[in-house]
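Notes follow the structure.
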Protein chains: 2
Amino acid sequence: MDHPQGSALQPFLSRLALRSLLTPAEGNAIMGLSGHVTPVATHVDFVSVGDHVDHSCLVVSGLVGRFGQNSDGSRQITCLHIPGDMPDLHSVVSPKAGWGLTALTPTTILRVAHSDLRYIASQHFGIAEAFWRDCVADGSIFSEWVVNVGRRGATARLAHLLCEMAIRCERAGQGDRRSFVLPITQSDLADATGLTGVHVNRTLRELRSRSIVTARSKVVTIHDWDQLVSIGDFDDAFMMLDGPYPRIAAAA
Amino acid sequence: MDHPQGSALQPFLSRLALRSLLTPAEGNAIMGLSGHVTPVATHVDFVSVGDHVDHSCLVVSGLVGRFGQNSDGSRQITCLHIPGDMPDLHSVVSPKAGWGLTALTPTTILRVAHSDLRYIASQHFGIAEAFWRDCVADGSIFSEWVVNVGRRGATARLAHLLCEMAIRCERAGQGDRRSFVLPITQSDLADATGLTGVHVNRTLRELRSRSIVTARSKVVTIHDWDQLVSIGDFDDAFMMLDGPYPRIAAAA
DNA sequence: CGTTCTATTGAGGGAAGTCAACAGTGGTGG
DNA sequence: CCACCACTGTTGACTTCCCTCAATAGAACG
């Protein structure tokens with residue numbers, strides 16, 4: 001059991017604090033978490049569909065995709081996760097994985113035991129509430145992705161996804177929305193948008209030629225934010241960023 | 001403030017108990033909830049995107065769709081909710097709606113104040129945990145719907161949706177998976193699967209002609225369950241029905 | 001300095017969308 | 001009790017967006 005520096009846990013605490021009010025004691029409890037630091041190579045699944053897990057994974061660096069799979073092997077990414085996210089926090093209350101997690105670029109994760117997460121959640125109601133709210137925030141993203149994939153054309157789908165990641169990277173303190181790092185291949189972008197790699201390529205070319213966004217060598221540069229928002233029909237309400245929200249019960 | 005009979009709350013308690021262990025005291029706290037009973041006519045939105053809500057809606061009878069919307073008015077349903085479901089339980093921790101709720105058939109809902117839900121959650125950790133887990137279960141359905149809409153053809157999409165609703169109706173005690181009531185139009189089915197009404201019609205005709213499933217006058221009859229599961233690539237793992245799961249903290 | 005993964009482009013095909021017309025169904029009021 | 005009206009379901013003809021297959025160029029890695 002490694003004792004990671006705060007540098008791994010601080011982004012996680014920041015993400016929670018974006019939506020939930022935490023007391024200093026609760027913050028300390030989270031910063032006191034420990035786990036195994038594990039490097040994961042590109043395109044390696046570190047949680048597979050059907051696994052029973054006894055820990056949750058905190059993204060320390062890199063990029064993670066949550067995915068579902070068909071029996072023919074085709075995949076659909078259902079959410080992207082950046083450093084500070086805990087993509088399977090929900091496994092604390094649902095330990096059998098109905099999903100998979102894969103590294104989309106060389107990634108480092110911190111595996112935190114469910115027993116530790118349970119302990120601090122049971123000791124601090126505010127942490128249980130923050131975890132609950134965090135799972136709701138992820139669920140809200142899934143829900144928006146259903147809309148994106150179900151009722152938008154290829155250009156809008158990509159525009160929407162890029163808007164979402166721009167805001168999330170900005171909020172996580174990783175550059176601003178005009179330019180951020182998104183180390184993902186066009187093929188994985190296709191799995192995230194329900195398209196094919198070829199069509200993602202053509203669609204990105206179109207966005208590039210219209211001088212709206214450039215996605216090259218892992219860096220996304222948005223030249224015309226307003227138009228990208230308009231093309232993607234993007235409304236950030238689903239991201240639950242108008243918090244932090246009031247606590248259910250008074251702080252201890 | 002009406003005091004509804006147990007008949008409205010019992011299915012909600014049963015749904016929670018499918019996945020979470022609740023003490024008798026916790027069960028009583030849930031059965032003691034009260035709220036406003038409201039009838040909703042077909043295709044009336046009773047929560048609109050962007051609303052600030054101070055209550056959650058329990059489906060007493062009928063069928064509810066959670067949906068997202070594009071600025072051109074096109075809609076995508078992201079989850080169906082049957083009696084006993086609380087489609088916006090998550091609004092307890094996230095009161096600004098990034099989604100909408102609409103009645104797909106004449107429906108009755110029970111509006112329960114957030115303050116009441118917060119109170120029982122703060123008094124009983126097991127209830128907070130059950131609410132958290134219930135939100136995770138809904139999120140898991142959203143996530144599967146992303147896969148369904150993003151990476152399956154029209155026939156598989158409909159097959160998968162029908163399998164899901166068959167299992168859910170069965171678990172909710174509303175008939176068995178071979179035959180259940182699903183009062184939804186083909187047009188709304190299209191909004192749930194990311195297709196058009198016309199194509200849903202053609203696809204249902206195909207499933208009917210292959211003697212796999214009949215969907216007529218609000219009743220779905222599945223003649224060949226195994227083949228429907230196969231066509232829809234359906235695996236019920238995402239539904240989190242292998243519980244109830246252990247409690248985070250010992251029962252009080 | 002080759003090997004492998006990723007990006008790019010073209011040509012052709014297919015699944016689902018669009019438009020349009022009509023038939024069936026259920027509810028409502030005269 | 002029936003006649004009407006609005007909604008839903010059904011089908012055909014045509015279109016379009018995206019997929020498939022295939023080949024090549026470029027980039028990253030040891």
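We name chains A, B, ... by the order of the sequence lines, and we start the count at 1 in each one.
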**Request:** In whole angstrom, give the distance that lies between atom CD of A:Glu206 and atom C1' of C:dT8.
**Result:**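 It works out to 16 Å between those atoms.
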Let me know the distance between CG of B:Leu158 and P of C:dA15, rounded to the nearest Å.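 Rounded to the whole Å, the gap is 16 Å.
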Hey, are the side chains of B:Ser211 and B:Asp224 touching, using non-hydrogen atoms and a 4.5 Å cut-off?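 They are not in contact (no side-chain heavy atoms under 4.5 Å apart), so the answer is no.
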A:Thr193 side chain reached by A:His199 side chain, heavy atoms, under 4.5 Å: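 No; the side chains remain at least 4.5 Å from each other.
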Chi angles and distances behind the side chain to side chain donor-acceptor pair (under 3.5 Å) call for B:Thr214, B:Thr221: CA-CA 5 Å; B:Thr214 314; B:Thr221 308; 5.6 Å; no
_For A:Val136 versus A:Met240, what's the shortest heavy-atom pair and its separation?_
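Heavy-atom minimum between the residues: CG1-SD, 3.9 Å.
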Give each protein N/O atom lying under 3.5 Å from an N/O atom of nucleotides 7-17 of chain D, with the pair distance.
unit_1	atom_1	unit_2	atom_2	d
D:dG9	OP2	B:Gln186	N	2.7
D:dT10	OP1	B:Arg216	NH1	3.3
D:dT10	OP2	B:Gln186	NE2	2.7
D:dT10	OP2	B:Asn201	ND2	2.9
D:dT10	O5'	B:Asn201	ND2	3.3
D:dT11	OP2	B:Arg205	NH1	3.3
D:dG12	N7	B:Arg202	NH1	3.4
D:dG12	O6	B:Arg202	NH2	3.3
D:dA13	N6	B:Arg202	NH2	3.1

Between A:Val200 and A:Lys218, just flag the one whose closest nucleotide in DNA chain D comes earlier from the 5' side.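 Its nucleotide being nearer the 5' end, the pick is A:Val200.
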- Item | Residue from A:Thr185, A:Thr102, A:Asp188 passing side chain to side chain donor-acceptor pair (under 3.5 Å) with A:His43 |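 Only one option passes, and that is A:Asp188.
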